Amino acid sequence: MDFSRPSFSPWRWLTLVASLLTCGICQASGQIFISPDSLLGVEKYRTILTLENVPEDVLEYSWYRGKDNSTENMIFSYKPPNTRHPGPSYSGRENVTRAGSLVVRMSAVNDTGYYTVEVDTSNGTQRATGWLQIVKLRSNPGISANTSALVEGMDSVVAKCLTNSSNISWYVNFVPTSGSNRMTISPDGKTLIIHRVSRYDHTLQCAIEDVPEILQKSELIQLTVAYGPDYVSLWTQPYFFAGVLTADIGSSVQLECNCFSKPEPRYHWIHNGSLLSIPENNMTLPSLSWEQMGSYRCVVENPETQLTFYRDVTIQPPRPPLPTVNRELYIPGPLVIFLILLTSLGGAFVCRVLVYSLFQSCSRGKTCHKCPWQTN
């Protein structure tokens with residue numbers, strides 16, 4: 001059966017329903033039966049017809065192609081623990097497990113049909129029959145996208161899963177996604193939209209699951225997301241503080257600009273308003289001169305995102321040291337003698353002035369008492 005025609009024919013549906021009902025009756029009565037879950041196989045995959053309700057005292061398992069147990073229809077027989085015999089219908093791809101299940105490797109579409117198993121026990125023989133359907137998988141889905149080169153936070157990508165299947169799943173960075181605030185999946189599951197792509201969006205892929213646990217995946221779409229420049233930083237040697245780098249004339253100065261960007265950004269250096277012919281992210285001044293003093297600007301530009309950022313630094317010479325103040329007072333010897341004489345003469349002069357003032361005060365008074373120096 002080809003999954004491009006996904007529906008079973010009506011009579012096969014009736015056969016499957018009848019098989020399920022029969023198995024239910026067998027399970028209730030303790031009879032062996034072939035598990036309905038194992039009656040659907042896939043081309044080129046291994047198929048296991050699982051036997052259920054198997055008694056413990058089994059003497060022999062015999063599997064047949066068709067509804068009867070004729071010798072020409074025998075595929076394989078197994079007598080525990082180690083005796084195995086292939087039959088006329090053995091194709092080289094069949095085997096029987098220790099639990100009595102029939103294993104068919106590399107199943108083919110023409111393996112579709114009835115299968116019968118006989119289980120011989122010490123209490124008699126039990127038989128079960130089931131219809132095995134081998135389906136052919138449809139081709140792997142295709143995938144397309146409106147673009148694969150995008151700008152972070154600005155562009156959106158629309159991907160389509162090219163398939164007729166209705167059971168579709170999407171994978172972003174190999175992780176299943178069911179939609180989010182940033183991702184939208186159409187009601188039929190065939191379209192995925194990522195709004196405002198992120199730098200962490202790398203791959204897109206879709207898959208179909210027409211048969212349980214068998215995923216058929218499309219090819220990968222690789223996304224190239226441009227971003228940045230981010231976190232522009234400026235490193236210098238010697239180090240700078242508050243935008244100022246102090247360096248002596250003749251010393252070596254290094255400047256280096258770094259950032260996160262995709263693709264690699266373009267770098268420009270500007271000195272005192274003039275563009276320098278330095279396209280790298282670093283520059284070295286091996287012997288600093290007066291002409292090289294001043295302001296420097298590192299400009300970082302991403303041509304894809306059309307974003308530009310910069311960092312500034314000013315190179316200046318160290319400030320001259322302040323004059324040293326001598327806090328110790330030294331007075332030479334002759335100056336000391338002069339100061340002593342000056343002090344003595346000054347004291348005598350002050351005394352004479354005081355005496356003279358006192359004498360004048362006494363002589364002017366009408367009722368002057370005797371002055372201290374006058375005698376009787």
Side-chain angles (χ1 to χ4, degrees), residues 138-210 212-236 240 243 255-270 278-283 296-313:
R138 69 174 83 238
S139 58
N140 288 351
I143 189 172
S144 66
N146 62 330
T147 182
S148 60
L150 308 109
V151 175
E152 182 182 46
M154 297 179 60
D155 295 336
S156 299
V157 61
V158 180
K160 294 184 178 295
C161 194
L162 309 177
T163 179
N164 291 326
S165 175
S166 59
N167 192 6
I168 302 172
S169 54
W170 284 95
Y171 296 80
V172 178
N173 300 333
F174 303 100
V175 177
T177 180
S178 57
S180 63
N181 293 335
R182 205 170 58 88
M183 301 182 187
T184 303
I185 298 177
S186 62
D188 61 1
K190 295 183 178 181
T191 303
L192 169 69
I193 302 176
I194 302 181
H195 308 278
R196 302 180 303 279
V197 293
S198 162
R199 68 187 66 183
Y200 305 108
D201 298 327
H202 302 299
T203 61
L204 300 179
Q205 190 176 38
C206 70
I208 60 175
E209 190 176 1
D210 289 330
E213 299 182 4
I214 297 181
L215 281 177
Q216 294 178 261
K217 293 186 175 182
S218 69
E219 295 181 351
L220 286 173
I221 289 183
Q222 299 282 350
L223 299 180
T224 302
V225 180
Y227 60 86
D230 293 341
Y231 310 108
V232 179
S233 62
L234 182 62
W235 175 86
T236 66
F240 73 99
L255 307 176
E256 183 176 327
C257 234
N258 293 292
C259 70
F260 295 97
S261 178
K262 185 177 180 179
E264 285 296 319
R266 298 173 182 170
Y267 292 93
H268 310 284
W269 290 92
I270 298 175
I278 301 177
E280 293 82 16
N281 70 322
N282 61 82
M283 64 178 297
Y296 285 82
R297 171 170 292 182
C298 170
V299 181
V300 185
E301 174 190 7
N302 187 325
E304 296 295 330
T305 63
Q306 299 182 1
L307 295 177
T308 301
F309 293 92
Y310 62 87
R311 291 293 301 272
D312 291 332
V313 65

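These figures come from a predicted structure and were not determined experimentally. For the numbers below, each heavy atom of this structure counts, side chains included, while hydrogens, waters and symmetry mates do not.
You'll find the side chain of Val172 stays beyond 4.5 Å of the side chain of Arg182, heavy atoms only. No side-chain heavy atom of Gln216 sits less than 4.5 Å from a side-chain heavy atom of Ser165. Taking 4.5 Å as the limit, every side-chain heavy atom of Ile193 sits out of range of all side-chain heavy atoms of Val157. Residues Met183 and Trp170 form no side-chain contact, since every pair of their non-hydrogen atoms from C-beta on lies 4.5 Å or further apart. Contact check for Pro176 versus Tyr171: side-chain heavy atoms found under the 4.5 Å cut-off. Taking the side chain as every heavy atom from C-beta outward, Arg266 and Pro303 approach each other to under 4.5 Å. The side-chain heavy atoms of Ser198 and Val225, taken from C-beta on, include no pair separated by under 4.5 Å. At least one side-chain heavy atom of Tyr267 sits less than 4.5 Å from a side-chain heavy atom of Val300.
Across all non-hydrogen atoms, the minimal contact from Asn302 to Lys262 is ND2-O, 3.3 Å. A pairwise comparison of heavy atoms in Leu215 and Ser169 identifies CD2-OG, 4.4 Å as the closest pair. Thr147 approaches Leu223 most closely through the heavy-atom pair O-CD2, 4.3 Å. Here the closest heavy-atom approach between residue Ser261 and residue Pro263 is recorded as OG-O, 3.0 Å. The two residues His195 and Ser156 have their closest heavy-atom pair at CA-OG, 3.4 Å. Contact detail for Leu307 and Gly228: the closest heavy-atom pair is CD1-O, 3.6 Å.
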Using side-chain contact (heavy atoms from CB on, under 4.5 Å), reason through Ile194 and Leu204 one step at a time and then give a plain yes or no.
CA-CA 10 Å; Ile194 302 181; Leu204 300 179; 3.6 Å; yes

Could you go through the side-chain contact (heavy atoms from CB on, under 4.5 Å) check for Leu192 and Ile185 one step at a time?
CA-CA 5 Å; Leu192 169 69; Ile185 298 177; 3.7 Å; yes

Test Leu234 against Cys257 for side-chain contact (heavy atoms from CB on, under 4.5 Å), laying out the working first.
CA-CA 5 Å; Leu234 182 62; Cys257 234; 4.2 Å; yes

Taking it one step at a time, do Thr203 and Phe174 satisfy side-chain contact (heavy atoms from CB on, under 4.5 Å)?
CA-CA 7 Å; Thr203 61; Phe174 303 100; 3.8 Å; yes

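In this structure, Phe240 places its CZ atom where more than 12 heavy-atom neighbours from other residues, nucleotides or ligands lie under 6.0 Å away. Counting heavy-atom neighbours within 6.0 Å of Glu264 CD, excluding the residue itself, gives a total of 12 or less. Within a 6.0 Å sphere centred on CG of Asn181, other residues, nucleotides and ligands contribute 12 heavy atoms or fewer. Taking a 6.0 Å sphere around CD of Gln222, one finds it holds more than 12 heavy atoms contributed by other residues, nucleotides or ligands.
In this structure a side-chain-to-backbone donor-acceptor pair under 3.5 Å is present from Trp269 to Glu280. Of the possible donor and acceptor atoms, none in the side chain of Gln205 sits under 3.5 Å from a partner among the backbone N and O of Leu220. A donor-acceptor pair is defined here as one N or O able to donate and one able to accept, closer than 3.5 Å; no such pair exists between the side chain of Thr163 and the backbone of Pro141. Checking side-chain atoms of Asn258 against main-chain N and O of Ser233 turns up no donor-acceptor pair under 3.5 Å.
Between the CD1 atom in Ile270 and the CD1 atom in Ile278 there is a gap of 11.5 Å [rounded to 0.5 Å]. Remark: Arg138 CZ to Asp210 CG distance equals 4.5 Å, nearest 0.5 Å. Between atom CZ of residue Arg311 and atom OG1 of residue Thr236 there is a gap of 10.0 Å, rounded to the nearest 0.5 Å. Note that CD of Glu152 and OH of Tyr227 are 8.0 Å apart. Values are rounded to the nearest 0.5 Å. To the nearest 0.5 Å, the span separating CD on Glu219 from SG on Cys206 amounts to 10.5 Å. Note that CG of Leu162 is 9.0 Å distant from NZ of Lys190, once rounded to the nearest 0.5 Å.
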